[in-house]
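Quick notes on the structure that follows.
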Amino acid sequence: MAFYVFAVIAVVASVLVIAQRNPIYSVLLLIASFGALSGLYVLLEAPFVAVIQIIVYAGAIMVLFLFVVMLLNAPHEETDYDERIHAYEAERGAGVPAERVRGAGAPGVNKVPMRFGGFLAAALAVELVWVLTKGGESGAFPSGAISSVKTIGQLLFTDYAFAFEVTSVLILVAMVGAVVLARRES
Amino acid sequence: MVSLNHYLVLSAILFAIGTAGVFVRRNLITILLSIEIMLNAVNLTFVAFGRALGAADGQIIVFFVMTVAAAEAAVGLAIVIALFRHRESLNPDSWTALKW
């Protein structure tokens, strides 16, 4: 039961993220989606992942996004373009045939790539569901999962020690890259 | 009874939503957010499979994915800031100089 509650929250929040025209609302809705995913991780008996989902993802990465959105102070998509996109989305949501949507477009808009992209995404969803459920009816999860923080820490510093060290180099490179890229040209 | 397939289907739906966001949106920030949705869908798959197989490896991969996501967000947002300074716009169609 809790699975369906969290799943619905995650899907609805994610859909709203890409339906918003204001990036600030998108970021806040994505945080809600991450909260629901965190609940799903708890249901999967992965409390460590659930906690770092909240602390690292919602707490650090999303705050970085929010910071940039507010720093740039350009909250809306460009108005002219935006109106056309939203007219298109509203009509598509109402189940209007594609011909009418095409006719309703303002001049100079190339909506074909976007419609094609939406179609590709729908096709991808169907394919993924088909492939992932092809393994037949999976039964209930085995009881007594080994997912304590102790187990994870031991694996992380033994079997995955090399990947762990490479991760630190990656973060260093990302930090230097971010500083260099965002530096103001003097 | 909630089984592995439920989680896999949910993950597929979330991934497709993220893909649709990348294609449909015309805002660099929202495109980056859509990439985060996709990464989280993959994370959910890893954790669900790890639970089904009774192994903790899936959660460790999630740890690495989150690290890469953090690095990607830092660099991506730095690029967005640099681009915004250049053209005062977040519309990716503003930068088509490399497009033939």
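Per chain, numbering begins at 1; letters A, B, ... match sequence-line order.
- In terms of heavy-atom pairs under 4.5 Å with chain B, the best-connected choice from A:Val17, A:Ile52, A:Ile171 is A:Ile52.
- For a residue to count as touching a neighbouring chain, one of its non-hydrogen atoms must lie under 4.5 Å from one of that chain's; by this rule B:Val22 does not touch chain A.
- For the atom pair OH of A:Tyr41 and CD of B:Gln59, the computed distance is 10.0 Å after rounding to the nearest 0.5 Å.
- Between chain A and the options B:Asn43, B:Val62, B:Ile17, heavy-atom pairs under 4.5 Å are most frequent for B:Ile17.
- Contacts with chain A were tallied for B:Leu32, B:Ile13, B:Ile31; B:Leu32 has the most, counting heavy-atom pairs under 4.5 Å.
- B:Met66 and A:Val49 make their closest contact through CE-O, 4.3 Å (heavy atoms, listed as atom of the first residue, atom of the second, distance).
- Interface remark: A:Ser33 contributes no atoms to any contact with chain B (heavy atom separation under 4.5 Å).
- Contact check for B:Leu33 versus A:Met62: side-chain heavy atoms found under the 4.5 Å cut-off.
- Contact of B:Ile60 with chain A is made through the side chain alone, with heavy-atom distances under 4.5 Å.
- The two atoms that bring B:Phe64 and A:Ala163 nearest to each other are CZ-CB, 3.6 Å, heavy atoms only.
- Heavy atoms closer than 4.5 Å to chain A are found in both the backbone and the side chain of B:Val47.
- Listed here is the closest heavy atom pair of B:Ala16 and A:Ala125: CB-CB, 3.3 Å.
- Neither the backbone nor the side chain of A:Phe119 comes within less than 4.5 Å of any heavy atom of chain B.
- The residue among B:Ala73, B:Ala74, B:Ala78, B:Gly21 with the most heavy atom pairs within less than 4.5 Å of chain A is B:Ala78.
- Note that OH of A:Tyr160 and CG of B:Asp57 are 3.5 Å apart. Values are rounded to the nearest 0.5 Å.
- For residues 53-61 of chain A, heavy-atom neighbours of chain B at less than 4.5 Å comprise A:Gln53, A:Tyr57, A:Ile61, sorted by residue number.
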(request) Go through B:Leu10 and A:Phe6 one step at a time and tell me if the side-chain contact (heavy atoms from CB on, under 4.5 Å) criterion holds. (result) CA-CA 10 Å; B:Leu10 171 65; A:Phe6 286 132; over 6 Å; no
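- Interface check for chain A: of the options B:Thr45, B:Val75, B:Val80, the most heavy-atom pairs under 4.5 Å are formed by B:Val75.
- Using a 4.5 Å cut-off between heavy atoms, A:Val27 contacts chain B through both its backbone and its side chain.
- Only the side chain of B:Leu14 comes within contact range of chain A, with at least one heavy atom under 4.5 Å from a heavy atom of that chain.
- The greatest number of non-hydrogen atom pairs below 4.5 Å with chain A, out of B:Ala48, B:Ser11, B:Gly18, is found for B:Ala48.
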(message) Using ring-ring contact (aromatic ring centres under 6.0 Å, His included), reason through B:Phe23 and A:Phe116 one step at a time and then give a plain yes or no.
(response) CA-CA 8 Å; B:Phe23 284 133; A:Phe116 186 63; 7.9 Å; no
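- Of the two parts of A:Leu37, only the side chain, counted from C-beta on, holds a non-hydrogen atom closer than 4.5 Å to a non-hydrogen atom of chain B.
- Counting heavy-atom pairs closer than 4.5 Å to chain A, the top-ranked of the candidates B:Ala52, B:Ala70, B:Ala82 is B:Ala52.
- Using bins of under 30°, 30° to 60° and over 60° for the plane-to-plane angle, the ring pair B:Phe63/A:Phe164 lands in the parallel bin.
- With chain B as partner, the option from A:Ala123, A:Ala122, A:Gly177, A:Ser14 having the largest number of non-hydrogen pairs under 4.5 angstrom is A:Ser14.
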